[in-house]
Amino acid sequence: MSERDTDTTTSSISSFYDEQSVFVTGATGFVGKVLIEKLLRCSAKLKAMYVLVRPQRGKTAKQRTADMLTDRVFDHLRTEQPTFTNKIIVCEGDIMKPNLGLSEEDTATITDNVSVVFHSAATVKFDEPLKLSVKMNVVGVKQLIALCHRMTNLKALIHISTAYSHCDRSQIDETIYPPSLPPDKLIETLNLCYCACARKI
Ligand SMILES: NC(=O)c1ccc[n+]([C@@H]2O[C@H](COP(=O)([O-])OP(=O)(O)OC[C@H]3O[C@@H](n4cnc5c(N)ncnc54)[C@H](OP(=O)(O)O)[C@@H]3O)[C@@H](O)[C@H]2O)c1
């Protein structure tokens, strides 16, 4: 690790997070885990980190998060900031459920306090049944955006995803091409409903 990487006093990125509360989905995943480690290690004044985690295989969201935090990726952080886990607040949820499966209490806490959102929860299986993929990676995103609209102090929403190449084109410009099917049409075609509070975007 370079000296620059550990010098949090001069970085405008790390100071951006001073006293901010962050909401992370997909925290137990490959990307989410290193993301939360990096944010906590390099932004020591970060106020709180809310993580959306679903219960799985007989374990509660809290148990799963506690297990995840024993991963060796957090060893360095544990040495530098032994109480870093105090900043992590587990919100049980599931991106396939209405309002991401969040309780009313957690929803209120998140919308009142969170200013930066990282959305990393997704299915990354390329052969997932289409309906499930769309439910997670399209409807889930839509619900997350609806939640963000209710945040009173939102500064940034970062959607982590995979870059797709338009392999049907012979020339690819630096532009955002329209989807072959509008997302709402896709949702409608698959007969998927989503939370009534999800605003059209
Ligand atoms: N890995 C890479 O090299 C890479 C590179 C570029 C971009 N990305 C993008 O980064 C994002 C995350 O990828 P990843 O590699 O971290 O995937 P991953 O290891 O499979 O993690 C996926 C995360 O999403 C969560 N999740 C899945 N379904 C959920 C649901 N219904 N409700 C709540 N949480 C759910 C998983 O939680 P559970 O633990 O409960 O399953 C896990 O935390 C994806 O959009 C991917 O395309 C990844």
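Every number for a ligand or one of its atoms is a count from 1 in the order of the listing. Because only heavy atoms are used, hydrogens play no part in the values below, and waters and symmetry mates are left out as well, while side chains stay in.
- Note on residues 13-51: no pairs pass ring pair (Phe, Tyr, Trp, His ring centres under 6.0 Å), not counting sequence neighbours.
- By the criterion of a heavy-atom distance under 4.0 Å, the side chain of Val124, and not its backbone, is placed next to ligand 1.
- Atom numbering of ligand 1 starts at 1 in the shown order; those under 4.0 Å from a heavy atom of Met136 are 28 (N).
- Ionic pairing of Asp75 and Arg78 is present here: one or more N-O contacts between side-chain nitrogen and carboxylate oxygen are shorter than 4.0 angstrom.
- Close approach of ligand 1 to Gln56 (heavy-atom distance below 4.0 Å) involves ligand atoms 40 (O), 41 (O).
- Against a heavy-atom cut-off of under 4.0 Å, Leu52 is close to the following atoms of ligand 1: 33 (C).
- Residue Arg64 places a heavy atom less than 4.0 Å from ligand 1.
- Considering both main-chain and side-chain atoms, Arg54 comes within under 3.5 Å of ligand 1 through a nitrogen or oxygen pair.
- Shown in contact with Ser120 at under 4.0 Å from a heavy atom are these atoms of ligand 1, numbered in order with element: 11 (C), 12 (C).
- Judged as a side-chain contact (heavy atoms from CB on, under 4.5 Å), and not counting sequence neighbours, the contacts of Val73 are Lys33, Val34, Asp71.
- Scanning Ala121, Gly140, Ala122, Gly26 for the heavy atom closest to atom 22 (C) of ligand 1 points to Ala122.
- Residue-ligand proximity, Thr28 to ligand 1, at heavy-atom distances under 4.0 Å covers atoms 36 (C), 37 (O), 38 (P), 39 (O), 42 (C), 43 (O).
- With a heavy-atom cut-off of 4.0 Å, Asn137 does not touch ligand 1 at all.
- When only interatomic distances are considered, the shortest N/O to N/O separation between Ile95 and ligand 1 falls below 3.5 Å.
- Within 6.0 Å of CZ in Arg169 there are more than 12 heavy atoms belonging to other residues, nucleotides or ligands.
- Between Gly32 and ligand 1, no N or O atom pair is found at a separation short of 3.5 Å.
- Looking at Gly93 next to ligand 1, no N or O pair under 3.5 Å apart turns up.
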